[in-house]
Amino acid sequence: MRLGWRFVRGVGDKAVTALEAARADGPFVNIRHVVRAARLGRADATALARAGAFAAWEPDRRKAAWEALRHVSDTLPLAPARPTTHAPRKLGRTESVFLDYFSTGVSLVGHPVEHLRRRLAEAGAIDSRTLASTRHGQRVMVGGLVVTRQRPESANGVLFILMEDEFGFLNFIVRREVEMAHREVVRHSPFLLIEGKIQRDGPVIQILAERLKPIRPKVALAFRSRDFR
């Protein structure tokens with residue numbers, strides 16, 4: 001899977017245009033070539049390294065950023081005159097996932113809910129895979145990352161929440177009175193723990209929410225759900 005340069009947070013339109021023009025002359029051969037050919041500044045070079053754009057030559061993003069900054073066109077006046085080396089600590093899996101979400105909004109390394117799975121299991125929450133074996137009317141508890149909040153005009157005030165975990169999607173129905181009882185949590189928490197009843201219609205499974213709680217990860221996640229009204 002490949003993401004375009006425009007999906008990388010912090011890379012400006014001018015830099016994208018320069019990258020496209022440089023790439024038209026032939027494939028890039030190393031980090032230095034990318035930075036010099038596109039005349040990237042510090043911010044753009046750092047953003048690309050943070051997103052893993054230089055992984056073909058340097059899989060460690062911190063080392064890639066260090067290498068890219070050696071070749072930027074706006075070198076700071078007090079920067080070292082001689083090249084220096086940098087040996088940063090390797091990023092952990094959770095750090096890589098959260099960095100991906102900050103950089104591009106998605107991750108091929110894993111999912112943010114993975115690092116919450118133990119806490120969810122201890123609270124009695126099931127994952128999206130287990131929903132397939134639940135029965136209509138069964139009470140369950142499920143946690144995940146909020147992807148979409150939507151309130152169609154034809155829904156009589158009902159709010160629909162789409163969440164996801166590391167295995168799939170979760171659909172919730174939140175009635176007006178339940179939303180009002182958990183207003184701040186419903187509207188602003190990126191991670192939710194929801195208890196409710198299964199509503200099955202053939203293969204379609206939704207959960208009628210009764211109680212909602214925020215889940216607070218140890219590290220803040222730079223992610224915003226797509227909310228529609």
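Since the structure is predicted, the reported quantities are computational estimates derived from the model, not experimental observations.
Rounded to the nearest 0.5 angstrom, Leu99 CG and Thr94 OG1 are separated by 12.0 Å.
Counting only distance, with no hydrogens or angles, the side chain of Arg226 and the backbone of Thr148 share no donor-acceptor pair below 3.5 Å.
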Which pairs would a plain distance check flag for residues 108-127, meaning a side-chain donor or acceptor within less than 3.5 Å of a matching protein atom at least two apart in sequence or in another chain?
residue: His111; atom: ND1; partner: Val113; partner atom: N; Å: 3.1
residue: His111; atom: NE2; partner: Glu164; partner atom: OE2; Å: 2.9
residue: Glu114; atom: OE1; partner: Arg93; partner atom: NE; Å: 2.8
residue: Glu114; atom: OE1; partner: Arg93; partner atom: NH2; Å: 3.2
residue: Glu114; atom: OE2; partner: Arg93; partner atom: NH2; Å: 3.2
residue: Glu114; atom: OE2; partner: His111; partner atom: N; Å: 3.3
residue: His115; atom: ND1; partner: Pro112; partner atom: O; Å: 2.6
residue: Arg117; atom: NE; partner: Glu166; partner atom: OE2; Å: 3.0
residue: Arg117; atom: NH2; partner: Glu166; partner atom: OE1; Å: 2.9
residue: Arg119; atom: NH1; partner: Arg216; partner atom: O; Å: 3.0
residue: Arg119; atom: NH2; partner: Arg216; partner atom: O; Å: 3.4
residue: Asp127; atom: OD1; partner: Arg129; partner atom: N; Å: 2.9
residue: Asp127; atom: OD1; partner: Thr130; partner atom: N; Å: 3.2
residue: Asp127; atom: OD1; partner: Thr130; partner atom: OG1; Å: 3.3
residue: Asp127; atom: OD2; partner: Arg129; partner atom: NH2; Å: 3.3

Side-chain donor-acceptor distances from residues 193-202 under 3.5 Å, at least two apart:
residue: Glu195; atom: OE1; partner: Arg211; partner atom: NE; Å: 3.4
residue: Glu195; atom: OE1; partner: Arg211; partner atom: NH2; Å: 3.4
residue: Glu195; atom: OE2; partner: Arg211; partner atom: NH2; Å: 3.2
residue: Arg200; atom: NH1; partner: Ala132; partner atom: O; Å: 3.3
residue: Arg200; atom: NH1; partner: Thr134; partner atom: O; Å: 2.5

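Here Arg135 pairs with Gln138 under the side chain to side chain contact (heavy atoms under 4.5 Å, CB included) rule; sequence neighbours left out.
When hydrophobic clusters are built by joining Ile, Leu, Val, Met, Phe, Trp and Tyr residues whose side-chain heavy atoms come closer than 4.5 Å, directly or via intermediates, Val140 is not grouped with Leu208.
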Please lay out, stage by stage, how Val185 and Leu192 fare under the test side chain to side chain contact (heavy atoms under 4.5 Å, CB included). CA-CA 8 Å; Val185 173; Leu192 287 175; 3.4 Å; yes
Determine, step by step, whether Met163 and Phe169 satisfy the side chain to side chain contact (heavy atoms under 4.5 Å, CB included) criterion, reporting the C-alpha distance in whole Å, the side-chain angles of both residues, the deciding distance to 0.1 Å, and the verdict. CA-CA 6 Å; Met163 297 203 309; Phe169 293 101; over 6 Å; no
Evaluate the side chain to side chain contact (heavy atoms under 4.5 Å, CB included) criterion for residues Val72 and Thr46: first the C-alpha distance (whole Å), next the side-chain angles of each, then the deciding distance (0.1 Å), finally the verdict. CA-CA 10 Å; Val72 295; Thr46 301; over 6 Å; no
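Put simply, the side chain of Phe160 does not reach to within 4.5 Å of the side chain of Asn171, judged on heavy atoms.
Using a cutoff of 4.0 Å between basic side-chain nitrogens and carboxylate oxygens, Asp44 and Arg39 are not scored as salt-bridged.
Clustering of Ile, Leu, Val, Met, Phe, Trp and Tyr by side-chain heavy atoms under 4.5 Å joins Phe167 with none of the others.
Sorted pairs that involve residues 48-58 and meet salt bridge (Lys or Arg N to Asp or Glu O under 4.0 Å), not counting sequence neighbours, are lacking altogether. Contacts classified as salt bridge (Lys or Arg N to Asp or Glu O under 4.0 Å) and involving residues 22-37 (residues at least two apart or in different chains) are not found.
Defined by atom type and a distance below 3.5 Å, a donor-acceptor pair is present between the side-chain atoms of Ser225 and Arg149.
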